[in-house]
Peer 1: 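Below: one structure in C-alpha cells.
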Amino acid sequence: MAEHAHPPEFEVLLDTEAIQRRVRELGAEITRDYAGRELDLVGVLKGSLLFMADLARAIALPLTCDFLRVSSYEGGTKTTGVVRFDFDLTQPIKDKHVLLVEDIIDTGLTMSFLLETLRLRMPASIKVVTLLDKPGNRRTEVPIDYVGFTIPNRFVIGYGLDLEGRYRNLPYIAAMKEPAAG
Ligand code: IMP
C-alpha cells in the first residue's frame with residue numbers, strides 16, 4: 001500500500017489542493033473579521049489537529065491556541081447525546097474572543113454541548129469554524145460561523161478524521177463509496 005492510501009471502499013472527496021485553497025480563504029476571512037482583536041483558537045481534538053495547524057498559519061493576527069477533548073458516550077451503536085470532557089482548556093477564556101475549530105459537524109451534539117458549556121465562562125465572543133458540515137444528519141440546531149465545505153451524509157476520513165484511529169494523516173479527504181444502486 002502506498003504511503004498515503006485510503007481503503008478500497010473509500011474514494012477521494014476533497015483533494016489536498018482544494019482543502020489548502022479553502023483553508024487559505026477561511027484564514028483571510030477570519031483575519032478580516034477579527035481585525036484589531038486578539039483571537040483565541042480552540043481546537044477540538046483529535047480531529048481538528050491538521051485543520052488547526054493549517055488554519056492558524058492562514059490567519060494573520062496575534063492569536064493564542066488551546067485545545068480540549070470531548071467524547072460522546074456511546075450506548076451500543078447509537079450516540080446517546082451525552083458528551084463529556086476528556087480534558088479541558090489550559091487557560092481561562094473570560095473576556096477572550098474564542099473561535100472553536102472543529103473538523104466536522106455531524107449531529108451537532110458535540111458543538112452544542114461545547115457552546116453551552118464554554119459560554120458560561122463569559123468569553124467576550126464565541127464563534128465556530130468547521131472544515132466540514134454534514135447538515136443531513138443534524139439532531140440539534142448549531143450556529144456555524146465559518147464552513148469549509150458542506151458535504152453529503154457520508155462517512156469521511158483523512159485530514160484529521162479517522163476510522164478506528166487511523167487515516168488522520170491523509171492530506172486529503174476520502175468518503176465511503178455509496179453502495180451501487182439496484
Ligand atoms: P457530532 O457531535 O455528531 O456533530 O460529531 C462530531 C464528531 O464526530 C466529529 O468531531 C468527529 O470526530 C466525529 N465524526 C462525525 N462524522 C464523522 C465522519 O464522517 N468521519 C469521522 N469522524 C466523524
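In this chain, residues are counted from 1 in sequence order. Note that these values count all heavy atoms, side chains included, but never hydrogens, waters or copies made by symmetry. Everything numeric in this text was worked out from a predicted model, so none of it was measured. Start at 1 and go down the list; that is how both ligands and their atoms are numbered.
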Peer 1: With the side chain counted from C-beta on, respond yes when I104 and L161 share a heavy-atom pair under 4.5 Å apart, and no when they do not.
Peer 2: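 I104 reaches L161 side chain to side chain.
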
Peer 1: Just to be sure I read this right, does ligand 1 sit under 4.0 Å from the backbone of V44, its side chain, both, or neither, counting only heavy atoms?
Peer 2: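 The answer is neither; V44 stays 4.0 Å or more away.
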
Peer 1: What atoms in ligand 1 come closer than 4.0 Å to a heavy atom of D103?
Peer 2: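 Contacts of ligand 1 toward D103, numbered from 1: 9 (C), 10 (O), 11 (C), 12 (O).
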
Peer 1: Run the contact test for K134 against ligand 1 with a 4.0 Å cut-off on heavy atoms, strictly below, and give the result.
Peer 2: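 K134 counts as a contact of ligand 1 under the 4.0 Å cut-off.
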
Peer 1: Between R139 and ligand 1, which residue portion shows a heavy-atom distance shorter than 4.0 Å: side chain, backbone, both, or neither?
Peer 2: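 Neither; nothing of R139 gets under 4.0 Å from ligand 1.
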
Peer 1: Does at least one non-hydrogen atom of N137 fall below 4.0 angstrom from an atom of ligand 1?
Peer 2: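 Distance cut 4.0 Å: N137 fails for ligand 1.
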
Peer 1: Need the ligand 1 atom indices (1-based, order shown) with element for anything under 4.0 Å from a heavy-atom of E102.
Peer 2: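 Counting atoms of ligand 1 from 1, those under 4.0 Å from E102 are 10 (O).
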
Peer 1: Under 3.5 Å, N or O to N or O, is G108 touching ligand 1 that way?
Peer 2: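 Indeed, backbone or side chain, G108 has an N or O that close.
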
Peer 1: Which of the atoms of ligand 1 are close to D162, meaning less than 4.0 Å from one of its heavy atoms?
Peer 2: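 Answer, ordered by atom number: 21 (C).
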
Peer 1: Apply the test ring-ring contact (aromatic ring centres under 6.0 Å, His included) to residues Y167 and Y172: give CA-CA distance (whole Å), side-chain angles for both, the deciding distance (0.1 Å), then the verdict.
Peer 2: CA-CA 10 Å; Y167 305 107; Y172 57 88; 9.8 Å; no

Peer 1: For the atom pair CG (L55) and OH (Y146), what is the distance rounded to the nearest 0.5 Å?
Peer 2: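 Between L55 CG and Y146 OH, I get 10.0 Å after rounding to 0.5 Å.
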
Peer 1: Where the side chain of K46 meets the backbone of G160, is there a donor-acceptor pair that is under 3.5 Å apart?
Peer 2: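 Between the backbone of G160 and the side chain of K46 there is no qualifying donor-acceptor contact (under 3.5 Å).
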
Peer 1: Contact between ligand 1 and M111 is defined here as a heavy atom of the residue under 4.0 Å from a ligand atom; is it met?
Peer 2: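 No, M111 has no heavy atom closer than 4.0 Å to ligand 1.
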
Peer 1: Quick one: look at L161 and ligand 1, take heavy-atom pairs under 4.0 Å, and tell me if it's side chain, backbone, both or neither.
Peer 2: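 Under 4.0 Å from ligand 1, L161 contributes side-chain atoms alone.
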
Peer 1: Is the shortest distance from a Lys or Arg side-chain nitrogen in R154 or E11 to a carboxylate oxygen in the other one below 4.0 Å?
Peer 2: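 E11 and R154: salt-bridged.
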
Peer 1: Please list, in number order, the atoms of ligand 1 under 4.0 Å from a heavy atom of T110.
Peer 2: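 It comes down to these atoms of ligand 1: 1 (P), 2 (O), 5 (O), 6 (C).
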
Peer 1: Between atom CD1 of I93 and atom CE of M122, what is the distance when rounded to the nearest 0.5 Å?
Peer 2: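 Output value for this atom pair is 11.0 Å.
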
Peer 1: Return yes when atom CZ of R69 has more than 12 non-hydrogen atoms of other residues, nucleotides or ligands closer than 6.0 Å, and no otherwise.
Peer 2: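 Counting other residues, nucleotides and ligands, CZ of R69 exceeds 12 neighbours.
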
